[in-house]
Amino acid sequence: MRLSQLFGKTQREIPSEADTASHQLLLRAGMIMQVAAGVYSYMPLGWRVLKKIENIIREEMDNAGGQELAMPVLQPVELWQQTGRDQSFGKGLFTLLDRRERTLVLGPTHEEVLTQMVSHHVQSYRDLPQLLYQIQTKFRDEPRPRGGLIRVREFIMKDLYSFDVDEDGLEVSYQKMVQAYRNIYDRCALPALFVEADSGAIGGKDSHEFMLIAENGEDEVICCDSCQYATNVDKAVSVKRQIGPEKPLPLEEVATPGMKTIEELANFLNMPKDHTLKAVFYAADGQVVFAMIRGDLDVNEVKLQRLLKCTDLHLATEAEVSAAGISAGYASPMGLKGIKIVADDSVTGGINFVAGGNKPDIHIKNVNYPRDFKADIVADIARVGEGDACPKCGGMLKSMPGIEIGHVFKLGTFLSNALGANFIDEKGDSRPIIMGCYGIGLGRLLAAAVEHYHDDKGIIWPLSIAPYQVYLCPLYREDTNVVEVAERLYRELQSAGLEVLFDDREESPGVKFNDADLLGIPLRVTVSPRTLQNNNVETKWRAEKESQLVLRDEAVAKIKELVKAK
RNA sequence: CGGGGCGUAGCGCAGUCCGGUUAGCGCGCAGCGUUCGGGACGCUGAGGUCGGAGGUUCAAAUCCUCUCGCCCCGACCA
C-alpha cells in the first residue's frame with residue numbers, strides 16, 4: 001500500500017475526547033473514528049488489525065473443533081422473555097419496534113438463538129458434543145461507554161457455545177477452549193492472566209476471565225505474590241485476621257455525640273477500627289438489607305448480590321433507610337425486627353465490638369456474636385484488598401487493574417431447560433443439554449494490545465496483528481536513485497509475500513519517521529542517499545533502538561528472514 | 001441515574017465573566033519557492049449555521065430559557 005493513497009491521515013495533536021493511551025493513539029494513527037458514544041468506525045489500517053485478530057481467533061476455534069455459523073442481530077423479544085434474560089439485561093438491551101409494533105432486540109449475545117437452533121437439530125447423544133461459534137456484532141446499551149474501544153455499545157465478538165451430554169463433557173469442552181484462548185493470546189503476544197471470575201446471577205458454577213494487566217483496566221485482579229492464586233476482585237477471598245483473644249465483657253452504652261463514621265468513632269473511643277462493627281444498608285430488589293462487617297473491612301457488593309440472589313442491589317437511600325426505622329450512623333443489629341441481617345464472617349472472628357445503639361449519639365460496647373445478636377446469613381461478603389492474606393498459601397495478595405480480554409463460563413442447563421434443548425441418552429431418557437459459552441471482544445483485544453504495546457511515540461504492534469509488516473521509507477525523493485531503489489524494493493518485497501506500507505510521500509525525514517513510529521509498523525526499512533552510498537538499506541525494528549545496514553542486493557531475502565524469524 | 005467539565009474551521013485552542021469593527025491563533029489543507037536522517041522555513045490562499053431552538057436588545061459566540069451531543073468520576077456493567 002502506498003501511504004500517499006491510504007485513506008486516513010495521522011494527527012499530530014491529541015484529540016481532546018481521549019484520555020487513555022489506546023484511544024489517543026488509535027485516533028491519532030487514523031485507525032478508528034468515533035461515530036457516537038461507544039460507537040466507532042474502523043478505518044483501513046484499524047480494520048486490517050481487526051481482521052488479523054479475527055483470523056487468529058478463527059484458526060484457533062477451528063483447531064479446537066469449533067464450527068462457524070452466523071446468527072441474526074435482530075431477535076424477537078419473546079425469545080428473551082422465555083429465558084427471563086430480558087429482565088436480567090434490563091436497560092442494557094437495545095430494543096426497537098418493527099412496523100407492526102412488535103418488539104425486537106439487537107442481540108447482546110446469542111445463547112437464546114443458538115440454543116433454540118440446537119434444540120431443533122440435536123435429538124440424540126450421538127449428535128453431541130458440539131462447539132458452535134460466530135464472529136459478529138453485538139449490541140449492549142452500556143450505562144457508560146469509556147476508554148475508546150475498551151468499553152463500547154456496538155462491538156464485534158467471537159462467541160462460541162459448547163453443548164455436551166454431561167459435566168465431564170463440559171469439562172472437556174471448557175478445557176479445549178481455555179487452551180484455544182491461551183493460543184490466541186500467545187499468538188497476539190499478550191500475556192493474559194487466567195483468573196477466577198464471578199459468573200453472575202445466571203452463570204453456572206465455574207467462570208474464568210483472561211485479564212491483561214493494564215493501567216487503564218477497569219477490572220481489578222487480585223493475585224498472590226507467592227502462589228498461583230489469581231482472581232477477579234469480585235470472586236476473591238482472603239484469610240481474615242482473628243481478633244483477640246479477649247474475654248467477652250458485658251454490654252455497656254457509651255455516649256458518642258456526632259460520631260457517624262467508623263473513622264470518627266474509632267478515634268473518639270481510642271480503639272482500633274477492627275473493634276468496631278460497620279453497618280451498611282442496601283436495597284435488594286426493593287427490600288432493605290442490613291449488612292454487617294468488621295469496621296476495618298468493606299462490603300463487596302457483587303459478593304453480596306450473589307449471596308442474596310437478587311437482580312438489583314444498591315445502597316439504600318436515606319428515605320429507604322428511615323422508612324425501615326433505622327438510625328443511620330447509629331444502627332445496631334440488636335433488637336432489629338423485620339429486616340434481613342447479613343453478617344460478614346469477620347463478625348464471628350472478633351470480640352467486644354462497638355456497635356450502634358439504635359438511637360442518635362449512642363453506641364454500645366462489648367457486643368459479641370452470637371451472644372448479643374443474630375444474623376439471617378453469615379457469609380463472606382468482604383472486599384479483598386492489597387495486603388490481605390492469600391486463602392491458598394497465606395502469602396500476600398496484590399491488587400492490579402486489568403482489562404478483561406476473554407471470558408469463559410460453564411452455563412449448565414439453565415438455558416437448555418428454559419428453551420427445551422434436550423437430548424435422548426443411551427438409555428432412552430430425555431435430558432437437558434449442558435452448555436458453556438466463551439467470548440472474546442475483538443476490538444477490546446485490539447485496544448488492549450495498544451495499551452500493552454506503546455511508547456511516547458506511538459503504537460508498537462506485535463508482528464502477528466500489525467496492519468503491515470514493513471514500513472518502507474525512502475528519504476529525499478529528488479534523488480532518482482533513491483526513488484528507483486525504493487520502488488523496486490516495494491515490488492520485490494510484495495512479491496516475496498510481505499505486507500508493505502510504502503511511504504512514498506514527499507515529506508521530510510522527521511515527518512516520515514514520526515509517522516512510522518506512530519503507526520507502529522514492526523519493521524522499518526529506510527532507503528536514502530546516505531545508505532545507498534555503500535549500497536545499503538537500513539532496517540530497524542519499531543520495538544528496538546538500534547538499526548542495522550544490509551546490502552541492497554540482499555535486502556529482500558534478509559527482510560523476509562527477519563520477519564519470518566519473529 | 002447522581003456529580004463535574006466541554007461544545008467556536010478537519011484537529012488543538014483563545015474570545016464568553018464585563019454584548020459593540022470584517023470571529024482570532026497554532027496544526028493540518030491548496031499553490032509557489034527554499035529545504036531534507038527525527039514533526040523545516042518563507043510568501044500567497046481556501047476553509048466558520050460560534051451544537052440547536054426560542055427569547056432579551058438598536059446590536060448576541062458573549063445575557064436568559066429550553067434542548068441536543070460528547071468526555072471524566074461514581075452508580076451500573078450474566
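Letters A, B, ... mirror the listed sequences (proteins, then strands); counts begin at 1.
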Tell which nucleotide pairs with A60(B), taking only Watson-Crick or G-U wobble pairs whose two distances are both under 3.5 angstrom. none
Below 4.0 angstrom, N of the basic side chain to O of the carboxylate: do Arg383(A) and Glu220(A) qualify? yes
C1' gap between C58(B) and G2(B), integer Å: 44 Å
Assign Ser16(A) to base, sugar-phosphate, or nothing according to its heavy-atom contacts below 4.0 angstrom with the strands shown. sugar-phosphate
Please work out whether the ring planes of Phe210(A) and Tyr185(A) are parallel, tilted or perpendicular, with thresholds of 30° and 60°. tilted
In the strands shown, is A75(B) matched to any nucleotide by a Watson-Crick or G-U wobble pair with both distances under 3.5 Å, and which? none
Look at all strands and tell whether Ala18(A) reaches a base, only sugar-phosphate, or nothing, counting heavy atoms closer than 4.0 Å. nothing
Between C41(B) and G26(B), how far apart are the two C1' atoms, rounded to whole Å? 16 Å
Regarding Asp504(A) and Arg2(A), does a basic nitrogen lie under 4.0 Å from an acidic carboxylate oxygen? yes
Have a look at Pro108(A) and say if it touches a base, only the backbone sugar-phosphate, or nothing, with a 4.0 Å heavy-atom cut-off. nothing
With a non-hydrogen cut-off below 4.0 angstrom, is Glu478(A) in contact with a base, only sugar-phosphate, or nothing? base
Below 4.5 Å, heavy atoms only, C-beta onward: do Met435(A) and Thr413(A) meet side chain to side chain? no
Under 4.0 Å between any heavy atoms, over every strand shown, what does Arg140(A) touch: base, sugar-phosphate, or nothing? Just pick one. nothing
Just checking Gly30(A): base, sugar-phosphate only, or nothing, at a heavy-atom cut-off of under 4.0 Å? nothing
Carboxylate-amine/guanidinium contact Arg85(A) Glu111(A), below 4.0 Å: yes
Please list, pair by pair, any protein nitrogen or oxygen found under 3.5 Å from a nitrogen or oxygen in nucleotides 38-46 of chain B.
unit_1, atom_1, unit_2, atom_2, d
G38(B), O6, Arg524(A), NH1, 2.8
G38(B), O6, Arg524(A), NH2, 3.2
G38(B), N1, Asp517(A), OD2, 2.9
G38(B), N2, Asn514(A), OD1, 3.4
G38(B), N2, Asp517(A), OD2, 2.2
G39(B), O4', Asn514(A), ND2, 3.0
G39(B), O2', Arg12(A), NH1, 2.5
G39(B), O6, Arg28(A), NH2, 3.1
G39(B), N1, Asp515(A), OD1, 3.4
G39(B), N2, Asp515(A), OD1, 3.2
A40(B), OP2, Ser508(A), OG, 3.3

Give me the distance, rounded to whole Å, that separates C25(B) from C64(B) when you measure between the C1' atoms they each carry. 31 Å
Report which part of the nucleic acid Glu301(A) touches: base, sugar-phosphate, or nothing (heavy-atom distance under 4.0 Å, all strands). sugar-phosphate
Rounding to the closest angstrom, what is the interatomic distance between U57(B) and G19(B) at atom P? 16 Å
Can Glu546(A) and Lys540(A) be counted as an ion pair, charged N to O under 4.0 angstrom? no
With both distances under 3.5 angstrom, what nucleotide forms a Watson-Crick or G-U wobble pair with G38(B)? none
Between Leu475(A) and Phe89(A), which is nearer to the 5' end of RNA chain B once each is assigned its nearest nucleotide? Leu475(A)
With C1' as the reference atom in both, quote the distance from A61(B) to U16(B) in angstrom, rounded to an integer. 7 Å
What is the distance from CG of Asp503(A) to P of C36(B), rounded to the nearest Å? 18 Å
Classify Ile14(A) by what it touches in the nucleic acid, base, sugar-phosphate, or nothing, heavy-atom distance under 4.0 Å. sugar-phosphate
Say you pick atom C1' in A23(B) and the same atom in U65(B); how far apart are they, in whole Å? 25 Å
The Watson-Crick or G-U wobble partner of C70(B), with both key distances under 3.5 Å, is G5(B)
Electrostatic pair Lys303(A):Asp234(A) at N-O distance under 4.0 angstrom: no
Counting any heavy atom closer than 4.0 Å, what does Leu313(A) reach on the DNA or RNA strands: base, sugar-phosphate only, or nothing? sugar-phosphate
For C25(B), give the paired nucleotide (Watson-Crick: N1-N3 plus N6-O4 or O6-N4; G-U: N1-O2 and O6-N3; both under 3.5 Å), or none. G12(B)
Do Asp206(A) and Lys410(A) sit within salt-bridge range, that is, some charged N less than 4.0 Å from a carboxylate O? yes
Could you give the distance separating U21(B) and G3(B) at their C1' atoms, to the nearest angstrom? 42 Å
When you compare G7(B) with A53(B), how far apart are their C1' atoms, in angstrom units rounded to a whole number? 16 Å
Kindly give the atom pairs (protein nitrogen or oxygen, nucleotide nitrogen or oxygen) under 3.5 Å for nucleotides 2-4 of chain B.
none

For the atom pair CG (Leu212(A)) and CE (Met400(A)), what is the distance rounded to the nearest 0.5 Å? 10.5 Å
Can you name the side-chain hydrogen bond (donor to acceptor under 3.5 Å, both in side chains) partners of Arg542(A), sequence neighbours left out? Asp455(A)
Asp515(A)/Arg505(A) ion pair, N-O < 4.0 Å: yes
